[in-house]
Amino acid sequence: MSVSEKDRSFTLLEANQSIAGIVEDRLSQFPVRDVPFQLLDLDDIVAKHMNWGRLLPRVKPFYAVKCNDDGAILETLAMLGTGFDCASKWEIEKVLDMGVEPERIIFAHPIKSSEALLFAKKKGVSSLTFDNELELEKIALFYPEAHLVLRIRYDSDNALILLGKKFGCDAQREGPQLIRKAKQLKLNIVGVSFHVGCGSLDADCFYSAIGAAKVLFEYAKTLGYKPSLLDIGGGFPGDSDKPIDEFALAINRALDHFFPNLDGVNVIAEPGRYYVGSAVRLLSAIHGKKIIRSPTDDSEVLQVMYYINDGVFGTLFDWVSLRAIKDLARVVPVITDQKAQKPRLKTTFWGPTCDSTDIICENEEFPEHDIGEYVLFENLGAYGMSFATNFNGFPNPTVEIYARKDTWDSLLLIKEVCWKKKTLDFLQKYF
Ligand SMILES: Cc1ncc(COP(=O)(O)O)c(C=O)c1O
């Protein structure tokens with residue numbers, strides 16, 4: 001694996017070591033580092049994959065690369081045999097460069113440049129999503145042999161970020177029109193996809209969306225198509241305390257009802273946040289502190305403000321922006337055992353830049369910390385690194401990658417001994 005990149009390290013944990021122990025060790029290190037750092041736990045990703053297989057055995061995951069394209073994550077998932085949802089030719093290139101076959105990639109951006117289409121064609125990535133007529137005309141010109149997946153709009157009533165305003169056609173009105181248009185252009189429709197929205201809190205939405213896809217499967221058949229791919233998108237939660245069991249129940253119920261015995265239909269999903277959310281912890285150092293006192297009574301502390309070295313313009317953007325959209329996700333550092341007994345004060349955490357919107361959380365009851373200590377954030381694997389900027393010159397966190405030695409050995413074994421066979425099975429099953 002490519003761990004030689006600057007600012008990254010890869011450590012295999014022995015049986016007597018644990019990520020929790022490493023975190024504890026890092027929290028007490030002094031002096032703190034000038035640059036924040038992430039601990040990436042590959043075992044967490046493996047555990048998520050096992051859980052997915054147990055709960056959704058009929059749904060093949062195609063990991064959404066945009067969520068976190070760290071090479072160690074991609075390589076772990078490649079070894080586990082997942083597919084990949086790529087949004088651009090650069091993501092496609094990155095995945096292909098790891099030796100993943102083009103058949104394990106879906107180009108799941110409904111709008112693609114002509115150059116991107118030609119690139120996909122050249123590389124043999126044939127599954128593409130689309131959601132409008134002009135895109136179909138473009139595909140007819142640049143990649144008429146592609147296997148097309150119609151993206152319908154099906155927004156959850158309760159997602160943190162809805163995608164339907166930007167992507168997806170109206171299933172009832174535009175869906176049949178687009179299938180007819182594809183027929184006219186002699187294009188090959190192979191299935192239907194949707195994305196209920198990121199950070200969905202509404203499992204039942206998947207049930208209705210699968211029902212809407214089924215109607216279009218039947219319509220496509222009346223025009224002579226043989227649709228065989230149902231892509232249920234992403235939108236699953238990924239925090240360690242947010243299970244997907246309810247989502248799995250709704251999806252399995254829908255598959256049983258609308259696609260009994262699957263009837264030659266392959267079902268895939270594009271989970272991003274689910275796979276990586278809980279795999280990353282962030283340690284950010286307190287570089288400054290202000291104590292805000294009452295103007296009338298100097299002994300009364302109104303609030304403590306900390307200035308830490310990661311923030312909204314760094315890897316904390318995702319959760320902070322979600323919180324701004326809906327007051328659902330709070331980004332507060334973990335209260336560690338070491339500090340749990342200390343009195344709690346009203347606290348604000350600021351990111352390092354000169355921008356006053358760089359605020360991570362405010363008015364939180366938090367035990368007092370000192371300059372030169374770390375604060376720990378959990379569940380930061382999704383989108384944080386993808387969105388991070390270097391605003392004001394502040395660098396993005398370095399990454400420490402950890403895997404249990406026996407897990408890593410098993411992954412290597414899968415790759416060397418089973419991967420080729422696994423891939424063949426995969427291709428036969430899904431394409
Ligand atoms: C087409 C598509 N698939 C999958 C994903 C991943 O979504 P999530 O991280 O919510 O699972 C996204 C996120 O924007 C997306 O746009």
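Read the numbers this way: they start at 1 and go in the same order the structure lists the ligands and their atoms.
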> Under the side-chain contact (heavy atoms from CB on, under 4.5 Å) criterion, do Leu27 and Gln338 qualify, and how do the steps go?
Replying inline: CA-CA 9 Å; Leu27 278 170; Gln338 288 163 322; 4.1 Å; yes
> What do the steps show when you test Tyr374 against Phe37 for ring pair (Phe, Tyr, Trp, His ring centres under 6.0 Å), and what is the final call?
Replying inline: CA-CA 10 Å; Tyr374 282 119; Phe37 64 102; 5.5 Å; yes
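Considering backbone and side-chain N/O of Gly272, one or more are found under 3.5 Å from N/O of ligand 1.
In this structure, Glu93 does not pair ionically with Lys123, as no charged nitrogen and carboxylate oxygen lie closer than 4.0 Å. Using a 4.0 Å cut-off between a side-chain N of Lys or Arg and a carboxylate O of Asp or Glu, Asp256 and Arg58 qualify as a salt bridge. Taking the charged nitrogens against the carboxylate oxygens, Lys221 and Glu218 do have a contact shorter than 4.0 Å, which makes a salt bridge.
Near Ala108, with a cut-off below 4.0 Å to any heavy atom, the atoms of ligand 1 are 1 (C). The atoms of ligand 1 that sit less than 4.0 Å from any heavy atom of Ala64 are 4 (C), 5 (C), 6 (C). Residue Asp85 approaches ligand 1 through these ligand atoms, each under 4.0 Å from one of its heavy atoms: 2 (C), 3 (N), 4 (C). Those atoms of ligand 1 with a heavy atom of Arg151 less than 4.0 angstrom away are 1 (C).
Not a single heavy atom of His109 sits closer than 4.0 Å to an atom of ligand 1. In this structure, Gly235 has a heavy atom closer than 4.0 Å to ligand 1. Residue contact check for ligand 1: Tyr383 places a non-hydrogen atom closer than 4.0 Å to it.
Using a 4.0 Å cut-off between heavy atoms, Lys66 contacts ligand 1 through its side chain alone, with no backbone atom that close. In Lys166, neither the side chain nor the backbone holds a heavy atom less than 4.0 Å from any atom of ligand 1. Counting heavy atoms closer than 4.0 Å to ligand 1, residue Tyr274 contributes nothing at all. Only backbone heavy atoms of Pro271 (N, CA, C or O) come within less than 4.0 Å of ligand 1; its side chain stays farther off. Contact annotation: for Thr129 versus ligand 1, there are no heavy atoms closer than 4.0 Å. Within the 4.0 Å heavy-atom criterion, both parts of Arg273, backbone and side chain, lie near ligand 1.
Neither side chain, Tyr306 nor His369, offers a donor N or O lying under 3.5 Å from an acceptor on the other. Under the 3.5 Å distance criterion, with hydrogens and angles disregarded, no donor-acceptor pair is assigned to the side chains of Tyr154 and Asp170.
Just one residue in the list Thr82, Leu77, Thr407 forms a side-chain contact (heavy atoms from CB on, under 4.5 Å) with Ile45, and that residue is Leu77.
Looking only at heavy atoms of the protein, atom 3 (N) of ligand 1 is closest to Glu270 OE1, 2.6 Å. If you check which protein heavy atom lies closest to atom 7 (O) of ligand 1, you get His195 NE2, 3.0 Å.
Under the salt bridge (Lys or Arg N to Asp or Glu O under 4.0 Å) criterion, Asp97 pairs with no residue at all, not counting sequence neighbours.
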Run the side-chain donor-acceptor check on residues 395-402: report pairs under 3.5 Å with partners two or more places apart or on a different chain.
from, atom 1, to, atom 2, distance (Å)
Asn396, ND2, Thr389, O, 3.0
Glu400, OE1, Arg26, NE, 3.2
Glu400, OE1, Arg26, NH2, 3.3
Glu400, OE1, Tyr402, OH, 2.5
Glu400, OE2, Arg26, NE, 3.4
Glu400, OE2, Arg33, NH1, 3.2
Glu400, OE2, Arg33, NH2, 2.8
Tyr402, OH, Arg26, NH2, 3.0

